[in-house]
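Below is one structure, written out as structure tokens; the observations come after it.
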Amino acid sequence: MCRTITSTTTGTIPITPPPLDTGPGTGGEGLQGLQHTPPQIVPSGGVQALDMPVVETPPLGESVKEPLTLPKPPRLALETDGTPHKVALKKGLEAIDRDHGADTAKEVRTILEALEAAKYLAPNPKAATQKLVHPSARGAVHELVAMNPRLLGEEARDLAVALLDKGAVAKDSNIREAFGESGAKDVFKTWFHGFSSTVNLLASRVHDGKPLPPEQQQKLLKAELMRGQLQATYKPGDAGAFGRSLSPLVAEGYGRGVRTGLWMAVKDMHEKTLTAALPKGALKDFDVFPVNRAFRYLGKEPVIEKGIPATLKAGECIYIEELGVQLVPKSLYTDKAAGRGEVDAHLGGLGLRNSPSECADILAAAMAGRIDANDPKGAIELLKPSLSATNSKQVQTALQKVELAPNTLLASAGTDPLTQSSKAQIQELREAFSMCALRAGEPGMPFYATQNFQVVKNLLGDIEDLGVDSMPSATCGALTDALQRAALALGEARAGVIAERSAPPMLVGDEAVIHDAVDEGLSVQRQAMNMEKFYQAMQDVHDVVRFQLAWTGSAPKLEDSIRALLPETMRAGATVASAPHALAMLDQVFQALPREQSDHTTYLKGAYYETAGVLGLPDSVDPAETVGDPGLRTAGVIVMEPHPNNAALQSIVPHDPVALIENVLGHGRTEPLTLVMDVTLNHLGDAQIQRALETAKPYIDSGVLNLVLLQSGTKFFQNGMDLASIGTAVVLNDKTHWTGFNGAMAETTQHVPEDDKGYIAKLLSEPNAEASRAYLDKVRANTALLRAALDREIPLGHAEDNAFEVCANTDRETVYIAFKPTDAYLRRINEEVAKAQNQTTPALDHDRRSELNGGVYKKEVLRAFGDLTAVDRSSFGFNITNFGECGETVRITLGIEDAPLLATYASRLLALGRELHGRPRT
């Protein structure tokens with residue numbers, strides 16, 4: 001049955017979805033717990049075509065007698081293709097039966113029998129113990145499982161592929177030997193083999209006197225390092241639950257205040273360089289920080305050195321340009337024990353720490369140098385300081401074993417695996433792409449599936465445009481694997497699709513309509529996990545695209561892509577700058593301004609919580625409430641966000657940039673003004689931004705206005721993929737009036753890795769413009785839908801039996817919702833906590849409210865959503881909704897889910913609030 005939940009500010013209370021069925025076989029226990037029963041095989045004469053519908057089957061765990069849907073036979077017959085390889089399957093099947101259980105072994109046999117029926121596998125007439133395997137058999141395995149998602153499991157799929165791939169069994173064996181049988185073998189997953197193989201293949205080329213050019217070596221090594229760093233904004237527990245990488249290269253995340261493993265490795269490398277160059281013991285009184293540029297710390301200006309100085313002056317901050325590091329004297333620390341953490345927080349607040357991508361560039365160059373010196377072991381040792389997380393000792397031991405006994409990457413004769421892919425690999429890649437296109441194009445597929453794959457098509461164009469002929473074998477394999485996993489997730493999505501649920505939610509005026517189909521198709525837990533798996537596959541696709549654009553040199557220029565989004569009359573005069581983080585970009589802009597302007601700086605209410613700190617404004621300076629405030633007319637610098645992004649506030653209103661420009665400049669002003677607009681929550685092509693630019697143009701041309709459009713590229717630039725760390729600024733001014741500012745900006749240019757800039761440029765280019773706007777529109781619509789459902793029941797200041805209230809926000813194009821514990825509930829738990837701790841009840845000031853809210857968030861809110869994939873993350877703009885604690889409030893940042901998950905989010909939060917309100921007092 002399909003019901004409609006209607007919510008308006010004056011309408012009916014939303015209907016709470018029915019309780020979720022979490023019994024065996026429904027998906028509530030997680031995908032890993034499902035037991036598969038191998039079905040019967042269609043005889044050779046009854047092979048079903050690829051475009052035939054999947055046969056309906058009973059739930060997993062029941063007896064299944066229906067035939068499988070089989071893939072089409074290969075285009076070239078196995079007997080005439082001329083390139084089959086031979087494998088002996090008996091020993092491998094016996095090992096699977098022993099290591100993975102009889103049920104899984106039966107499934108693998110089912111897959112192999114199906115392949116034989118579809119002509120991808122045949123007995124070898126010359127050897128009774130062998131089978132002939134068609135070159136595209138691996139792709140056929142993925143097709144088979146994708147078309148029969150309720151009958152065949154992923155574990156059996158992977159094991160079958162391993163049996164058919166002559167190298168895969170050896171790879172799996174090598175990893176098991178290195179890590180043992182414990183869970184530690186999951187630490188690196190496929191990254192482990194790829195990294196070690198790349199190092200050893202590069203070393204072999206050097207040993208044979210045929211090294212790759214240094215630039216290519218560095219790109220290949222960086223690609224492996226970034227795969228190890230991927231998906232780093234997840235906490236370890238969440239990463240493990242979702243089957244994401246648990247690589248020790250990830251210390252905690254991409255966050256600006258976080259010491260990632262790659263950053264630690266770069267820091268260690270520079271410390272050793274400095275120790276060797278300086279007098280003995282000179283470095284002991286300093287901490288070393290790899291950063292984007294020099295920074296002032298505790299009011300102390302840095303001493304700039306081109307290279308490593310002969311000596312270090314005690315008590316001085318020293319920035320060494322050659323290394324890109326700043327030395328901070330430990331004597332400046334106010335707390336000796338926590339001093340380094342104070343600097344970390346300072347760097348985070350300004351976005352100055354080297355990003356993972358920058359660190360990977362530095363490490364890859366150093367590794368390539370050691371490989372060229374016939375020292376592959378030394379190249380691997382550079383990573384040791386990064387391995388500071390769980391299992392680091394085992395990982396280091398494993399890396400040593402792999403380096404001393406390298407795996408062999410098998411490739412067809414005449415194929416250089418470091419710079420080419422074989423014809424069989426390329427064919428498998430084409431088939432995987434075609435399968436995804438077929439699945440994503442089916443009627444009624446969820447928005448997340450169609451939009452994401454459209455972006456992939458926009459990035460790839462025709463698969464040949466990606467330069468597949470010059471694609472390294474490992475890269476081709478990674479892309480093929482990601483597309484095959486995407487096809488599986490699309491098949492699972494199709495199994496649960498109903499047209500009404502899959503249609504985008506409707507917004508009509510103030511009315512929000514959510515179609516609830518929780519009791520149809522897949523359970524919400526399986527929907528959520530399947531979306532997560534698809535999202536992971538898409539991230540891997542984007543990661544390969546980023547590499548391949550850099551490898552082939554085919555990426556557009558970031559400056560050109562951004563200028564193309566501006567009105568045509570303003571493109572030629574626009575200057576585009578970039579930095580590793582948006583806050584670093586803001587800091588660069590502010591530092592470039594003349595003091596007579598920057599001394600008269602103000603900002604609009606609702607600005608990002610770290611903005612005031614970057615501008616050097618004390619807490620005593622209050623922001624302007626509205627764009628019409630007359631006091632703005634005397635400001636030299638104004639910072640504003642059209643869609644304010646400070647979720648810590650209990651009340652937010654949008655700011656109209658056109659009204660602000662008219663208020664400040666529309667009264668004959670002649671004094672120069674710098675207006676910095678943080679448009680992170682906009683697309684530059686939005687009508688709102690275009691109107692603002694048209695209004696600003698006369699003032700820009702006259703020389704009175706210096707307009708800067710600032711954006712964080714980690715959010716909507718990437719359609720939620722969260723791969724590159726970047727901030728951009730579009731500077732629009734009359735060059736004859738703003739010579740000093742423009743010169744200062746040019747002199748303080750910050751380094752952003754070229755592969756990151758090329759990837760972002762491709763995403764911002766015209767072919768992808770419509771899909772990017774659709775992504776942001778979907779997030780905005782989802783936000784409005786969920787807010788309408790919550791506003792009706794728990795608005796700010798309500799008197800209902802619920803412990804939560806939604807903070808006020810009149811911005812209809814925002815991308816988040818903030819809620820908080822009610823004052824009544826805070827007073828209650830304040831007394832209870834104080835009583836439990838045997839203390840006098842403290843005052844409910846900001847710090848105490850934040851402390852109590854943090855406890856509720858970690859212990860209650862995250863627990864209530866623990867079986868879904870909406871988790872705590874350190875940023876926003878992703879495909880999947882996430883939470884974040886913001887002092888006295890909690891931020892919900894919406895993703896691009898369809899209606900059933902939105903309905904579940906609303907019902908869970910409302911139910912939790914009622915539960916907390918009704919708990920007996922302690």
Side-chain angles (χ1 to χ4, degrees), residues 49-54 69-72 74-75 136-149 152 154 157-158 161 190 421 424-468 471 475-497 502 522 527 529-548 719-721 723 762-763 767-768 771 774-775 879-880 896 898:
L50 176 64
D51 54 357
M52 292 182 68
V54 174
T69 301
L70 300 187
K72 287 181 179 178
R75 296 176 186 176
S136 59
R138 290 186 62 191
V141 173
H142 285 271
E143 259 184 46
L144 178 70
V145 178
M147 291 188 297
N148 301 275
L152 299 172
E154 294 181 13
R157 175 203 68 192
D158 294 342
V161 167
T190 55
S421 298
Q425 276 189 297
I426 294 172
Q427 179 60 31
E428 190 176 5
L429 173 61
R430 292 191 185 108
E431 291 172 357
F433 184 81
S434 297
M435 173 60 78
C436 276
L438 178 70
R439 291 281 182 262
E442 291 179 353
M445 291 295 281
F447 176 86
Y448 73 80
T450 57
Q451 191 274 343
N452 268 301
F453 194 71
Q454 183 59 51
V455 171
V456 167
K457 289 198 292 184
N458 295 339
L459 291 175
L460 298 179
D462 184 274
I463 197 73
E464 308 302 327
D465 295 338
L466 201 60
V468 290
M471 181 182 286
T475 304
C476 186
L479 181 56
T480 303
D481 176 75
L483 289 170
Q484 288 169 340
R485 288 186 285 115
L488 282 173
L490 289 169
E492 176 87 349
R494 185 186 66 167
V497 160
S502 300
L522 304 176
Q527 289 181 53
M529 183 58 77
N530 190 61
M531 185 177 178
E532 164 67 28
K533 289 188 174 183
F534 181 74
Y535 178 40
Q536 290 180 30
M538 288 295 99
Q539 285 183 305
D540 290 339
V541 171
H542 280 245
D543 188 51
V544 170
V545 169
R546 174 173 60 175
F547 165 82
Q548 191 65 11
N719 287 216
M721 290 298 113
L723 295 181
K762 188 73 172 179
L763 283 167
N768 198 49
Y775 183 89
N879 276 207
I880 298 172
I896 57 172
D898 278 346

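The shown structure was predicted, so the numbers you read here are calculated from the model rather than taken from an experiment. Just so you know, these numbers use all the heavy atoms, side chains as well, and skip hydrogens, waters and symmetry mates.
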Run the side-chain contact (heavy atoms from CB on, under 4.5 Å) test on Tyr448 and Asn530 for me, step by step, so that the C-alpha distance in whole Å, both residues' side-chain angles and the decisive distance to 0.1 Å come before the verdict.
CA-CA 11 Å; Tyr448 73 80; Asn530 190 61; 3.6 Å; yes
Consider side-chain contact (heavy atoms from CB on, under 4.5 Å). Of Asn768, Val541, Leu763, which one does Leu459 pass it with?
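Of Asn768, Val541, Leu763, side-chain contact (heavy atoms from CB on, under 4.5 Å) with Leu459 is met by Leu763 alone.
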If you apply the rule side-chain contact (heavy atoms from CB on, under 4.5 Å), what do you find for Asn452 with Met721, and how did you get there?
CA-CA 10 Å; Asn452 268 301; Met721 290 298 113; 3.4 Å; yes
Could you check Met435 against Glu431 for side-chain contact (heavy atoms from CB on, under 4.5 Å), going step by step and ending with a plain yes or no?
CA-CA 6 Å; Met435 173 60 78; Glu431 291 172 357; over 6 Å; no
Nearest heavy-atom neighbours spanning Cys436 and Phe453
CB-CE1, 3.3 Å
Evaluation steps, side-chain contact (heavy atoms from CB on, under 4.5 Å), between Met531 and Asp898:
CA-CA 10 Å; Met531 185 177 178; Asp898 278 346; over 6 Å; no
Examine distances only and state if a side-chain atom of Arg485 and a backbone atom of Asp540 form a donor-acceptor pair shorter than 3.5 Å.
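A pair under 3.5 Å: no.
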I'd like to know if the side chain of Ser421 and the backbone of Ile426 have a donor-acceptor N/O pair within less than 3.5 Å.
no
My understanding is that only residues two or more places apart in sequence, or in another chain, count here; which of them pass side chain to side chain donor-acceptor pair (under 3.5 Å) with Gln454?
Asn458
Residues forming a side chain to side chain donor-acceptor pair (under 3.5 Å) with Tyr775, sequence neighbours excluded
Asn879
Would you compute the distance between atom CD of Gln548 and atom CG of Leu479 and round it to the nearest 0.5 angstrom?
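Going from CD on Gln548 over to CG on Leu479, the span is 8.5 Å.
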What residues form a side-chain contact (heavy atoms from CB on, under 4.5 Å) with Ala774, not counting sequence neighbours?
Phe447
